[in-house]
Amino acid sequence: MPELPDVEGFKRVLAKNALRKTIDRVVVSDARILGKLPVGKFASSLEGAQLVAARRHGKHLMANIDRGQWLTLHFGPAGGLQFVGKPGGEPPFTRVRFDFAGDGSLAYTNRRMIGRVGLAEDAADFIAEEKLGPDALDRRFDFDALKTAVLSLKRDVKSVLMDQQVIAGIGNIYSDEILFQARINPVERVDKLSPAELKRLFTEMRKVLETAVDRRAGSEQFLERLPKGYLLPERKRGGHCPRCGSVLKVLKIGGRTGYCCPRCQQGC
DNA sequence: CGTTATGTTCGATG
DNA sequence: GCATCGAACATAAC
């Protein structure tokens, strides 16, 4: 499920429901989600502690533990984060649960076990180790920074948008929407884009992601919350372009399925 | 039963 | 080193 807009939503869930509450107990129901980190070490780092701040970088969510470390959450294609107010209301596929002293719990879910929960000593170091590029909505990541990051790459623009080392936060779903709004062919080489196209790419990247965050649209269940004229609600085989009505084209790029309008996106 | 999936990584190949 | 492609991970849903 999660790309930047979803993870921003999870950050808000965490910030609203989980900060400055003492963690009574950590329940890991599937240790594989921790990778090589031992369950005991993970649990003892959090039990009795409090989370004091939430931060997002790309598709990663991090929470500062009052003892100094950071809790790191990555969701893969099928993960999520929910607050559970009532005992026993644990959602399906909960892999890690943080129980607060008499004040509900926070459930990390992951249907496919692709994703990671872990600990880091420092947020900035963690971002560097993960080799993440700048967050797509970071204000310091301006048009010039995008140009610099992208112009030396001889790859198709969709793959570049999805490359977390270049820009962090965009996945298969939102790359389709950004390219549709910018009217750019996904298979066009990024270093061959005209200045006008490059400018539209930057503008629409910001606009689409901010719109999705504002409307809490995420990338799975709530796409109908997106404005009229957006591609994503129509993004399926046989779907039609919301601008010109053409049947959408299906393409394979970097092993993923993308959708585009052959008329509005320059013969995609 | 076969196909597909929103993320990431690794190996083979050019 | 750079780029592309396919497979793999694990599992549910259609």
Side-chain angles (χ1 to χ4, degrees), chain A residues 1-10 28-36 56-61 72-82 91-96 108-118 126-133 135-136 149-180 186-192 205 208-209 212-213 216-226 230-239 248 250-260:
Chain A
M1 182 221 288
E3 298 185 26
L4 186 153
D6 312 79
V7 181
E8 184 61 28
F10 300 152
V28 179
S29 37
D30 193 324
R32 288 174 299 174
I33 207 71
L34 298 180
K36 288 178 182 166
R56 182 190 60 71
H57 189 103
K59 303 171 187 172
H60 292 261
L61 183 58
T72 61
L73 303 168
H74 188 255
F75 300 92
L81 196 67
Q82 280 175 243
F93 311 113
T94 296
R95 310 302 183 182
V96 182
Y108 170 91
T109 60
N110 200 317
R111 191 155 48 77
R112 285 167 64 194
M113 296 299 293
I114 299 177
R116 273 286 170 279
V117 174
F126 175 74
I127 291 164
E129 279 162 27
E130 295 284 322
K131 299 199 173 84
L132 298 176
D135 183 81
V150 135
L151 278 185
S152 61
L153 303 171
K154 303 172 199 298
R155 300 160 58 194
D156 63 87
V157 56
K158 181 172 164 73
S159 303
V160 169
L161 273 185
M162 294 193 296
D163 187 337
Q164 303 304 300
Q165 298 191 31
V166 181
I167 307 168
I170 301 167
N172 194 26
I173 296 281
Y174 274 92
S175 60
D176 274 359
E177 186 66 63
I178 291 164
L179 291 165
F180 175 72
V187 301
E188 188 152 344
R189 261 173 56 169
V190 72
D191 57 330
K192 298 281 174 65
M205 175 187 80
V208 165
L209 294 174
V213 168
R216 304 185 188 295
S219 57
E220 192 171 33
Q221 314 168 42
F222 302 118
L223 294 176
E224 77 280 359
R225 294 179 182 174
L226 292 170
Y230 267 52
L231 175 77
L232 292 181
E234 274 297 312
R235 190 184 178 278
K236 58 200 161 202
R237 271 163 219 281
L248 298 177
V250 185
L251 27 94
K252 282 269 183 224
I253 296 182
R256 329 211 63 82
T257 307
Y259 293 79
C260 57

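Reminder, nothing fancy here: chain letters follow the sequence lines and each chain counts from 1.
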Novice: So, Arg189(A) and Asp191(A), do they make that salt bridge, N to O below 4.0 Å?
Specialist: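 Counted as a salt bridge, because a side-chain N and a carboxylate O are separated by less than 4.0 Å.
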Novice: Identify the two heavy atoms, one from Phe10(A) and one from Gly80(A), that lie closest to each other, and give their separation to 0.1 Å.
Specialist: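 So the minimum-distance heavy-atom pair works out to CZ-CA, 3.6 Å.
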Novice: Ile173(A) near the nucleic acid: base, sugar-phosphate alone, or nothing, with a heavy-atom cut-off under 4.0 Å?
Specialist: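 Contact class for Ile173(A): sugar-phosphate only.
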Novice: Could you name each residue pair satisfying side-chain hydrogen bond (donor to acceptor under 3.5 Å, both in side chains) that touches residues 161-170 of chain A, not counting sequence neighbours?
Specialist: Arg155(A)-Asp163(A)
Novice: In terms of the nearest nucleotide of DNA chain C, which residue is placed more toward the 5' end: Gly255(A) or Leu153(A)?
Specialist: Leu153(A)
Novice: Could you check how far CZ of Arg95(A) sits from P of dC9(C), rounded to whole Å?
Specialist: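 The answer, rounded to whole Å, is 17 Å.
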Novice: At their closest point, which heavy atom of Gly171(A) faces which heavy atom of Glu3(A), and how far apart are they?
Specialist: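 Looking at all heavy atoms of both residues, the shortest contact is N-OE1, 2.8 Å.
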Novice: In whole angstrom, give the distance that lies between atom CD of Gln165(A) and atom P of dG7(B).
Specialist: 15 Å
Novice: Rounded to whole Å, please give me the gap between CE in Met113(A) and P in dA12(C).
Specialist: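 Checked: the CE to P distance equals 11 Å.
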Novice: Tell me which nucleotide among dT8(B), dA10(C), dG7(B) gets nearest to the side chain of Gln164(A).
Specialist: dT8(B)
Novice: Identify, between Arg256(A) and Arg189(A), the residue whose nearest nucleotide on DNA chain C lies closer to the 5' end.
Specialist: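 It is Arg189(A) whose nearest nucleotide is closer to the 5' end.
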Novice: Which base, if any, makes a Watson-Crick or G-U wobble pair with dA10(C), both distances under 3.5 Å?
Specialist: none
Novice: Over how many whole Å does the gap from Ile33(A) atom CD1 to dT8(B) atom P extend?
Specialist: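 One finds 13 Å between P of dT8(B) and CD1 of Ile33(A), rounded.
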Novice: I need the CZ-C1' distance between Arg111(A) and dA13(C), as an integer number of Å.
Specialist: 7 Å
Novice: In whole Å, what is the span from the CD1 atom of Ile114(A) to the P atom of dA7(C)?
Specialist: 16 Å
